[in-house]
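Every heavy atom of this structure was used, including side-chain atoms; hydrogens, water molecules and symmetry mates were not. Note that the structure is a prediction, hence the values are computed from the model and not measured.
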Amino acid sequence: MTIKDDLQKLLDILPQDLRQVLENHPQRDNLVEVVLDLGRRPEARFPNQAEYLSEIPVTQAQIDDCIQRVGTFGGDNRAGIEQTLHRISAIRNRNGKIIGLTCRVGRAIFGTISMIRDLVETGKSILMLGRPGVGKTTALREIARVLADELNKRVVIIDTSNEIAGDGDVAHPAIGRARRMQVAHPELQHQVMIEAVENHMPEVIVIDEIGTELEALAARTIAERGVQLVGTAHGNQIENLIKNPTLSDLVGGIQAVTLGDDEARRRGSQKTVLERKAPPTFEIAVEMLERQRWVVHESVADTVDTLLRGRQPSPQTRTVDDNGKVAMTRQLSVVNGRGGQLASGEETFSSGRQPTGWRASGQMVALPPLTVEREKAIGQSEFDRLLEESFNYSDSIDFALTKNAGPNGEDLPLHVYPYGVSRHQLEQVISVLTLPVVLTKDIDSADSILALRSHVKNHAKLRQVAKARHLPIHMIKASTIPQITRGLRRLLNMDEPEIADDRELQLFLHSGSDDEIDALEEARLAVEQIVIPKGQPVELLPRSPQVRKMQHELVEHYRLKSHSFGEEPNRRLRIYPA
């Protein structure tokens, strides 16, 4: 990276004694800002520390002297030094008199966007998010230069506070061939944005600090005209924008939608849900966590949809080392029931999944026996018991029957496409039982389909797609924990345990209170010690409706019948033998 900061021009506006201290300071090149407040000691701030420059408090004469050496303060109380990127911000008293200054060092850093160079070249609109001081404006300036000089695009910068291209009428050379439009008053920024599109034929518009609803609407208007947008917004993460009614339009806007009964049942959700209103203004979002670590959301639409459904997205994390080498990783929300991380190459990342097993070859061939090493790769799970038994069998036994990985020889983890089944309940079962299953939204990357029987009967298109892709469909009667558990075990060729262990009981718990645990334990003992061995019906103690529902699900897990009878608060369960 090449750094150009014109630091001496900023030091020249400071009082002479402070200037001399900073000129001889060992960390001069890392200076972030100088703070001058009336009646307080002057302070210099560096990336990891701050220190006082003098024991003598700042006087009004010193502040006035600094003001005379800088440009005019605008409506946003910001001024600059001509032909530099430095920013001087004022603090005023109630009468409008300036009693404090923040002198921020502006640096042009060439090469700072190597982490997202590939995204900039796609031509898609990019939104940069991050806390103050993390380098958003520096990144914008470099993006504008790369687009104008190296990609030969027509770039116009909307420079509200002259922070991107410097103070004065002549733009700083750090923006290259890009053009700069200044804004007379901050509240008119949205008008200048539209004016730039109508008058100057830009291919790219770069804008810093989108902060009002009018600016968000102007950004959408520009994006819909086919112009690439690169901008920053107030917020640290995408979740901040979703919760911000002023700026939520940047990520598509949020609205409440009432679903029909069938759709609510298919999703396994309430009838009123939050959904994205429109396509996002910015197709890509970059969360700048640190100067050397950025999180990239390659599809803002998918990220917002995932968050609104109560799940965590799987964005890319990009880091760069001292040698300029970029490393990319992706955090997965569910891998074998646990969070996991996939690492990629230095400059490329591929999230696509290639077909495996019989789908890749077109032939169903039994897999070789599972080895201990492969068993470790699958993860500790309920397969431990089956493997332990199979190791004791004779070599003449067909291992394809005893140690098959997937139902048709697929590599584990098994990728399942759910249809009409509650995704939340599926993830709960996979996590608690540690099953080697990954849920996918892409039917092309699935090994099988798990669907509600009623939905499959009424959906001829699903059957046609499954037939065309040679995908087996496994059906369950209802989207309940017992039915889902049974369906997943069937998918994995796993035998059902004769008794429910502690992990399975966890599936039926809601809040995990002592009352819930006692009620499930009571139902389990009644089934295993009386109903099944003795063939006698059993009545349980009175419970609340929510707890009785959990007991009904546990009884269904044993494939037995149960009914509630009696009046509240003495309503209770009766379990019948098969």
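Residues Val438 and Val416 have side chains not in contact (no heavy-atom distance under 4.5 Å, counting atoms from C-beta outward). Residues Arg276 and Asp305 form a side-chain contact, since some pair of their non-hydrogen atoms from C-beta on lies under 4.5 Å apart. Side chains of Met193 and Ile205 form no contact here, defined as non-hydrogen atoms less than 4.5 Å apart. Residues Met550 and Leu520 are in side-chain contact: their nearest non-hydrogen atoms beyond the backbone lie under 4.5 Å apart. Val527 places none of its side-chain heavy atoms less than 4.5 Å from the side chain of Leu554. Counting only heavy atoms from C-beta outward, the side chains of Leu540 and Gln551 approach each other to under 4.5 Å. At a threshold of 4.5 Å between non-hydrogen side-chain atoms, the residues Met288 and Lys136 count as touching. In this structure, Ile207 and Ile222 have side chains that are not in contact, with every pair of non-hydrogen atoms separated by 4.5 Å or more.
Listed here is the closest heavy atom pair of Ala285 and Val300: N-CG2, 3.5 Å. The two residues Ile473 and Arg463 have their closest heavy-atom pair at CD1-CA, 4.4 Å. Taking all atoms of both residues into account, the shortest heavy-atom contact from Ile449 to Ala466 is CD1-CB, 3.9 Å. Across all non-hydrogen atoms, the minimal contact from Ala526 to Val538 is CB-CG1, 3.8 Å. The two residues Ile484 and Gln425 have their closest heavy-atom pair at CD1-CB, 3.6 Å. Nearest heavy atom pair, residue Arg291 against residue Val134, reads CG-O, 3.5 Å.
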**Message:** What verdict does the side-chain contact (heavy atoms from CB on, under 4.5 Å) test give for Arg293 and Thr317, after you've listed the backbone C-alpha separation in whole Å, the side-chain angles of each residue and the deciding distance to 0.1 Å?
**Reply:** CA-CA 7 Å; Arg293 185 164 71 95; Thr317 300; 3.9 Å; yes
**Message:** Would Glu287 and His297 count as a side chain to side chain donor-acceptor pair (under 3.5 Å) here? Give the steps.
**Reply:** CA-CA 8 Å; Glu287 297 171 0; His297 298 271; 3.0 Å; yes
**Item:** Ile210 and Thr232: CA distance, side-chain angles, deciding distance, side-chain contact (heavy atoms from CB on, under 4.5 Å) verdict
**Value:** CA-CA 6 Å; Ile210 300 174; Thr232 66; over 6 Å; no
**Request:** List the steps and the verdict of side chain to side chain donor-acceptor pair (under 3.5 Å) for Ser562 and His552.
**Result:** CA-CA 6 Å; Ser562 60; His552 277 299; 2.7 Å; yes
**Request:** Just do the side-chain contact (heavy atoms from CB on, under 4.5 Å) check on Val286 and Val295 with the steps written out, would you?
**Result:** CA-CA 6 Å; Val286 178; Val295 171; over 6 Å; no
**Request:** Starting from the C-alpha separation in whole Å, work towards a yes-or-no answer on side-chain contact (heavy atoms from CB on, under 4.5 Å) for Val251 and Phe282.
**Result:** CA-CA 7 Å; Val251 292; Phe282 292 90; over 6 Å; no
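Here the straight-line distance linking atom CD of Gln237 with atom CG of Leu307 works out to 9.5 Å at 0.5 Å rounding. A distance of 13.0 Å separates CG in Leu450 from OH in Tyr419, rounded to the nearest 0.5 Å. Here OH of Tyr417 is found 5.0 Å from CD1 of Ile443. Values are rounded to the nearest 0.5 Å. Here Glu275 contributes atom CD and Ile254 contributes atom CD1; the two are 10.0 Å apart, rounded to the nearest 0.5 Å. Rounded to the nearest 0.5 Å, atoms CG (Leu289) and CG (Asn236) are 7.0 Å apart. Note that NE2 of His470 and OG of Ser448 are 15.5 Å apart. Values are rounded to the nearest 0.5 Å.
A donor-acceptor contact under 3.5 angstrom links the side chains of Gln316 and Glu298, judged on distance only.
With respect to the salt-bridge test (charged N to carboxylate O, under 4.0 angstrom), the residues Arg423 and Glu427 qualify. Electrostatic pairing of Asp444 and Arg469 counts as a salt bridge here, judged by a charged N lying under 4.0 Å from a carboxylate O.
Contacts of Arg131 classified as salt bridge (charged side-chain N to carboxylate O under 4.0 Å, His left out), with partners at least two apart in sequence or in another chain: none. For Asp249, the salt bridge (charged side-chain N to carboxylate O under 4.0 Å, His left out) test picks out Arg220, with sequence neighbours left out.
Judged purely by atom type and a 3.5 angstrom limit, Asn244 has no side-chain atom pairing as donor or acceptor with the backbone of Asn240. Side-chain atoms of Glu522 come within 3.5 Å of backbone N or O of Leu541 as a donor-acceptor pair. A side-chain donor-acceptor contact under 3.5 Å links Asp447 to the backbone of His415. Looking at Arg225, its side chain never comes within 3.5 Å of a backbone N or O of Val227 through a donor-acceptor pair. Not a single donor-acceptor pair under 3.5 Å links the side chain of Asp302 to the backbone N or O of Ser299.
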Identify all side-chain donor-acceptor contacts of residues 256-264 below 3.5 Å with residues at least two apart in sequence or on another chain.
from   : atom 1 : to     : atom 2 : distance (Å)
Asp261 : OD1    : Lys271 : NZ     : 2.8
Asp262 : OD1    : Arg265 : NH1    : 3.0
Glu263 : OE1    : Arg266 : NE     : 3.3
Glu263 : OE2    : Arg266 : NH2    : 2.9
Glu263 : OE2    : Arg267 : NE     : 2.9

Expected list for residues 122-130: side-chain donor-acceptor pairs under 3.5 angstrom, two or more places apart:
from   : atom 1 : to     : atom 2 : distance (Å)
Thr122 : OG1    : Leu119 : O      : 2.5
Thr122 : OG1    : Lys124 : N      : 3.3
Ser125 : OG     : Leu229 : N      : 3.1

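Applying the ring pair (Phe, Tyr, Trp, His ring centres under 6.0 Å) definition to pairs two or more places apart or across chains, those involving residues 559-578 are His563-Tyr576. Listed by first and then second residue, the salt bridge (charged side-chain N to carboxylate O under 4.0 Å, His left out) pairs that reach into residues 564-578 are Glu539-Arg572, Glu539-Arg574, Arg548-Glu568, sequence neighbours excluded.
Enclosure of atom NZ in Lys441 by more than 12 non-hydrogen atoms of other residues, nucleotides or ligands within 6.0 angstrom is indicated.
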